[in-house]
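A, B, ... follow the sequence lines: proteins, then strands. Residue 1 opens every chain.
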Amino acid sequence: MEYNFRDIEKKWQAWWKENKVYSVSNPSTSSGHPVKPKFYVLDMFPYPSGAGLHVGHPLGYIASDIYSRYKRLKGFNVLHPMGFDSFGLPAEQYALDTGQHPAETTKKNIATFKSQLDNIGFCYDWEREVQTSDPEYYRWTQWIFLQLFNSYFCHTEKKALPISLLIKKYETKGAMPKTGEPIPGKHFTAEQWNSFSEKEKADILMRRRLAYCGYGEVNWCEALGTVLANDEVVNGVSERGGYPVVKKTLRQWYLRITEYADRLLEGLEKVDFSDAMKEMQSNWIGKSSGAEIDFLVKSEKIKDKSLRVYTTRPDTIFGIDFMVIAPEHELVESITTSDQKTAVEEYITYVKSRSERERMAEKKITGVFTGAYAINPFDGREIPIWISEYVLAGYGTGAIMAVPCGDERDHKFAKHFNISITNIIGEYYNGEEANPTKEAVLQNSGFLNGLVMKGAMDVVIAALEEKGIGKRKVNYKMRDAAFSRQRYWGEPFPIVWKDEIAKEWTGKLPLVLPDVEKYSPGPDGQGPLANIPEWVAQELETNTMPGYAGSSWYFLRYMDPHNDQTFCDRNVSDYWNQVDLYIGGTEHAVGHLLYSRMWTKVLYDLDLIGYDEPYKRLVNQGMIQGLSQIAYVKKGDFEEGTSRSGRNTFRVPMFSNPAGTPQPKLQLYSADLINDSNRDYYKPFNIPIELVARNIHESSKNVLDISSGIQKYPQRLDAIYITFDAFFYEGEWKTWSEDEQGWVITEERTFYTANEVEKMSKSKYNVVNPNDIILSYGADTFRMYEMFLGPVEMSKPWDTKGIEGVHRFLKKFWRLFFKESNHPSFGGAGGGSETLIVTNDEPTSAELKVLHHAIRRIENDTERFSFNTGVSGFMIATNELTDLKCHKRKILEPLLILLAPYAPHIAEELWQQLGNEKTILDQTYPVFIANYVAESSKEYPVSINGKLRTTMNLALDATEEEVNELTLENEVVKKWLEGKPPKKIIFVKNKMINVVV
RNA sequence: CCGGAUGUGGUGAAAUUGGUAGACACGUCAGACUUAGGAUCUGAUGCCGUAAGGUAUGGGGGUUCGAGUCCCUCCAUCCGGACCA
């Protein structure tokens with residue numbers, strides 16, 4: 001009997017489904033059964049894009065599936081759900097283009113995803129599926145939003161509290177400062193509060209709500225017609241699509257995540273994330289401590305004004321040579337002197353003409369003097385105040401004190417504008433380069449002279465506080481998160497606007513997203529919902545929530561997905577508790593992960609759940625990259641050996657130019673290289689083009705269909721198009737000319753092709769669909785191969801070269817159970833006997849050793865997430881058992897259980913073939929017995945004369961004397977010594993034996 | 001520029017604590033059984049060398065009886081953040 005993976009996998013997938021073997025139940029409190037320990041394994045749920053899954057997606061899913069199955073065999077009640085992050089921009093963009101309702105395309109895409117996932121044989125309990133765009137789901141997203149809206153962050157208790165408590169406080173005590181004079185507009189008494197109008201009260205409360213509405217500068221993306229959160233903007237362009245992003249003032253919803261900055265930082269210490277991930281998050285939060293200092297401004301126009309700066313280095317206060325304020329700073333106008341007025345205005349105009357992107361790209365030193373001076377409070381020096389774009393209005397106070405000898409940018413600025421530099425760090429400063437040291441002993445620093453900089457900080461802050469002109473201050477880079485989108489395909493806000501006051505919508509949630517005819521934006525930068533008269537008539541908020549709203553709490557809904565009384569029953573969320581293992585890519589480091597951590601903390605503060613960190617352990621799976629074959633073209637002669645990245649080549653334009661890819665390229669290659677053994681293929685400079693052509697996959701042909709390409713993109717007629725058998729150049733089709741080296745030379749151009757590893761993406765035409773692999777090799781092979789590729793955390797290019805080996809292993813494993821037909825000729829019926837050759841004989845010690853070695857090894861590898869070596873463990877065991885001709889039930893059955901998490905279909909099938917009734921999923925993981933692999937002894941290294949070395953097995957509890965004896969008796973040592981008696985034997989560090997001859 | 005990670009055969013990669021470097025697999029070569037091989041099995045395979053032997057974990061230096069592993073330094077690649085005061 002052959003290993004017929006197609007039938008086996010179909011059979012078991014159907015059986016699992018039919019018998020609901022993956023159904024997970026919440027323990028009911030009434031039943032007296034002992035509650036199994038729980039384990040929660042979560043994958044980051046996918047956005048169901050139209051492209052479907054590619055081989056990169058399942059990497060993390062397979063790992064988590066193996067781990068879940070393993071934990072189940074280990075006796076845990078495992079929650080391992082899957083769902084879809086189904087709200088979002090691409091579906092809407094697609095709707096805009098085609099007029100199809102996003103709900104329709106989303107539904108279709110989800111069906112594709114699910115069938116692909118099922119093909120791989122994952123153990124999801126689909127009964128628990130969540131979709132963020134499902135009204136029954138977003139009902140609770142809206143509800144949690146209202147909790148945020150109706151809460152504020154109490155600075156004394158450092159936690160979220162219901163806003164009703166704040167109102168009560170205002171009504172009885174008002175909001176008065178603990179010390180000092182009340183500031184009008186900020187502080188008020190209870191009497192004042194009670195006399196405020198409703199609008200005034202609402203505005204004040206809005207300043208404290210955790211979800212609040214305000215006007216602010218936002219990242220506006222014209223092409224997408226919406227606002228983006230900071231983490232959705234990369235290098236001044238949108239993360240999705242790469243469109244330009246500008247600053248725009250709009251009314252927006254925000255999450256007051258900044259209030260949680262400290263707790264988000266502290267929380268990192270108690271979770272098991274990688275250092276890189278923690279680093280990324282704390283960089284994003286960007287906590288810095290320093291001081292805020294007020295400097296008196298001396299200008300012709302104003303008196304008694306002060307300039308507030310933020311600095312992390314108050315110790316350098318005597319080194320200030322100038323001040324710089326942001327061009328948008330509020331003082332710009334009032335302090336500019338009359339003779340500097342024109343220069344300043346010109347400069348401001350210039351700055352406004354430059355986009356953020358330009359500013360970042362070309363770092364020119366620009367600036368202008370305002371004519372005004374600030375006074376150094378300690379030595380009375382007059383410090384010129386400059387304006388420059390390198391100071392950002394949005395960070396700190398938008399003004400800095402410049403210390404050129406200690407800060408690189410200040411130094412460059414000073415040099416550029418010929419400002420004299422005060423040296424306060426002596427020999428640490430060489431006159432050429434700033435030195436940001438904290439170790440120097442201060443000089444030219446008044447009362448700080450002789451102090452080491454590190455120690456001077458506190459002294460300065462104390463002095464500032466005493467004078468009342470400064471104080472210690474902590475600053476964060478993180479801003480409040482923009483929480484609204486001018487879009488259709490998202491959760492509607494359950495908010496109504498009455499007389500410009502935002503109020504909770506009083507209807508019964510969910511507030512269902514209405515149908516629209518058009519998905520184009522509404523008036524004045526509003527979303528499509530503003531086009532619906534009924535919606536506007538009810539004065540409902542026309543923005544929708546961003547993509548990360550639904551994903552911020554989905555891990556909770558899986559626990560109790562059908563509850564229509566609450567978002568998640570408290571008993572249930574207490575039982576499942578935190579996610580024990582969360583698997584996903586690093587791309588969500590500062591987005592989703594921070595937001596969901598914040599939401600969790602809020603829910604915890606409001607006592608709705610019992611823990612304030614959602615994910616106990618996070619594993620970041622690497623990306624599987626695609627292998628793209630790219631055609632390059634170069635004018636004139638080409639010298640072999642020129643680097644691929646050499647400057648004298650460029651990529652050939654491709655006719656299909658997806659949005660946002662500035663220099664598209666042509667792909668000549670696709671998936672099916674399995675049967676090609678030509679290694680030259682992989683040498684970038686030696687690729688016979690015909691060979692490339694031969695391997696072009698069927699599915700790529702339409703991509704390379706030139707006629708449609710030209711029709712679709714007529715403007716690109718000037719480009720060069722290449723297909724597997726011809727290329728299009730200067731308006732004409734030419735077939736490839738003869739060549740030996742892979743070069744194709746036309747009149748004046750040389751083409752060559754190269755492989756490049758890059759992110760797998762539809763737009764790059766390098767996508768490999770798992771279904772294709774499964775069709776030829778089966779899901780079990782696919783699963784094991786993806787794991788065998790290397791560590792889960794590492795990114796690697798997809799490459800099918802090694803898949804045969806894994807497939808061969810499974811066939812070989814199968815032959816431990818069945819005698820293969822004599823001649824399973826290609827496609828033929830075979831004709832041999834189909835015999836199960838498993839016997840009930842007692843295993844030999846050699847066979848037991850193989851088994852228990854495998855148990856120890858594979859269990860260990862699985863436990864520490866080293867699935868690649870785990871797969872190797874199976875191969876080793878199978879090879880050894882084949883050599884031993886071992887077909888014994890007592891060896892093979894435990895081995896099957898070990899294999900079940902990795903290759904569930906074949907394990908289940910063989911388990912049944914052995915005559916076992918129940919599913920293998922509910923077996924108990926075999927126990928490793930040390931005796932069989934001589935665990936009672938340990939290998940010790942032996943070095944002789946401190947040079948030669950070998951190892952020997954010694955009893956674990958061997959004494960030093962015994963060791964000496966054993967050493968002399970040891971055959972290996974005898975051989976080394978060649979009869980010469982050792983002078984002494986040293987037992988070093990309890991671990992090593994050194995024999996001195 | 002800053003931060004993080006990585007660097008081992010022709011290839012993907014192993015090497016729990018410092019202890020026979022290259023497990024396991026791909027590929028390649030040779031052989032067996034075959035009408036056939038894209039089935040299966042056996043053997044070889046880091047590099048140099050007929051061999052004995054030498055030499056090898058990006059380069060250089062250090063600690064150690066012993067270093068892929070620890071320390072310093074330089075180089076390369078990848079990822080992330082970048083005017084953050």
Using Watson-Crick geometry (N1-N3 plus N6-O4 or O6-N4) or G-U wobble (N1-O2, O6-N3), each under 3.5 Å, G53(B) is paired with C48(B)
In whole Å, measure the gap between the P atoms of G60(B) and A14(B) for me.
25 Å
Applying the 3.5 Å cut-off to both distances, the Watson-Crick or G-U partner of G7(B) turns out to be C75(B)
Across every strand shown, the nucleotide meeting Watson-Crick or G-U wobble geometry with U34(B) (both distances under 3.5 Å) is none
For A25(B), take OP1 and OP2 only and decide whether either is under 4.0 Å from a side-chain N or O of N879(A). yes
For U20(B), the nucleotide meeting Watson-Crick or G-U wobble distances (both under 3.5 Å) is none
Point to revise | Spacing of the C1' atoms in A32(B) and A39(B) (rounded, Å) | key: 14 Å
Whole-Å distance, M794(A) CE to C78(B) P, equals 16 Å
- Task: Consider only side-chain N and O atoms of T366(A) and Y347(A), and report whether a donor and an acceptor are under 3.5 Å apart.
- Result: yes
Looking only at G80(B), A15(B), A85(B), the nucleotide nearest the M280(A) side chain is G80(B)
In whole angstroms, the gap separating C1' of C84(B) from CG of D410(A) amounts to 13 Å
Rounded to whole Å, NZ of K278(A) lies from C1' of G80(B) at a distance of 17 Å
- Task: For C72(B) and U63(B), measure between their C1' atoms and round to the nearest Å.
- Result: 11 Å
TODO: Using the six-membered ring wherever Trp is involved, compare the ring planes of F809(A) and F874(A) and label them parallel, tilted or perpendicular (cut-offs 30° and 60°).
DONE: tilted
From the candidates C24(B), A85(B), C41(B), the one with an atom nearest any side-chain atom of S872(A) is C24(B)
* Determine whether the aromatic ring centres of Y3(A) and F818(A) lie less than 6.0 Å apart. => no
**Prompt:** So does D262(A) pair up with K287(A), basic N to acidic O under 4.0 Å?
**Reply:** yes
Paired to G43(B) by Watson-Crick or G-U wobble criteria (both distances under 3.5 Å) is C29(B)
Compare side-chain N and O positions of R856(A) against OP1 and OP2 of U16(B) and report whether any pair is under 4.0 Å apart.
-> no
_Between U42(B) and U34(B) - C1' atom distance, rounded Å_ = 16 Å
Does T397(A) reach the main-chain N or O of R308(A) with its side chain, forming a donor-acceptor pair under 3.5 Å? yes
Here the distance between atom P of G80(B) and atom CG of N620(A), to the nearest Å, is 12 Å
- Query: Can you check whether Y310(A) has a side-chain N or O nearer than 4.0 Å to OP1 or OP2 of A85(B)?
  - Reply: no
In whole angstroms, the gap separating P of C1(B) from CD of E408(A) amounts to 11 Å
Rounded to whole Å, CD of E389(A) lies from P of C84(B) at a distance of 13 Å
To the nearest angstrom, the CZ-P distance between R808(A) and G37(B) comes to 16 Å
With syn meaning chi within 90° of zero and anything else anti, the base of G58(B) is anti
Notebook entry, point to check: Distance between the P atoms of G58(B) and G12(B), in whole angstroms?
Noted result: 14 Å
### Task
Examine distances only and state if a side-chain atom of K796(A) and a backbone atom of P791(A) form a donor-acceptor pair shorter than 3.5 Å.
yes
- Item | Integer angstrom distance from the P of U69(B) to that of U17(B) | 14 Å
K412(A) NZ to A85(B) C1', in whole Å, measures 15 Å
If pairing means Watson-Crick or G-U wobble with both distances under 3.5 Å, then the partner of C83(B) is none
With sugar-phosphate meaning primed atoms plus P, OP1 and OP2, does F788(A) contact a base, only sugar-phosphate, or nothing at under 4.0 Å between heavy atoms?
base
- Task: Indicate whether OP1 or OP2 belonging to U40(B) is found under 4.0 Å from a side-chain N or O atom of K811(A).
- Result: yes
**OP:** Could you measure between the two P atoms, the one in A15(B) and the one in G7(B), and give it in whole Å?
**Re:** 12 Å
| message | Between N475(A) (side chain only) and S288(A) (backbone N and O only), is there a donor and an acceptor less than 3.5 Å apart? | response | no
Looking only at A15(B), C24(B), C83(B), the nucleotide nearest the R409(A) side chain is C83(B)
ask   = Rounding to the closest angstrom, what is the interatomic distance between U77(B) and U40(B) at atom P?
value = 42 Å
Closest to the 5' end of RNA chain B, once M875(A) and N860(A) are matched to their nearest nucleotides, is N860(A)
Aromatic plane relationship, Y777(A) with H807(A) - under 30° parallel, 30 to 60° tilted, over 60° perpendicular: perpendicular
For C84(B), does OP1 or OP2 lie under 4.0 Å from any side-chain N or O of R479(A)? no
RNA chain B nearest-nucleotide lookup for K477(A) and N868(A): closer to the 5′ end is N868(A)
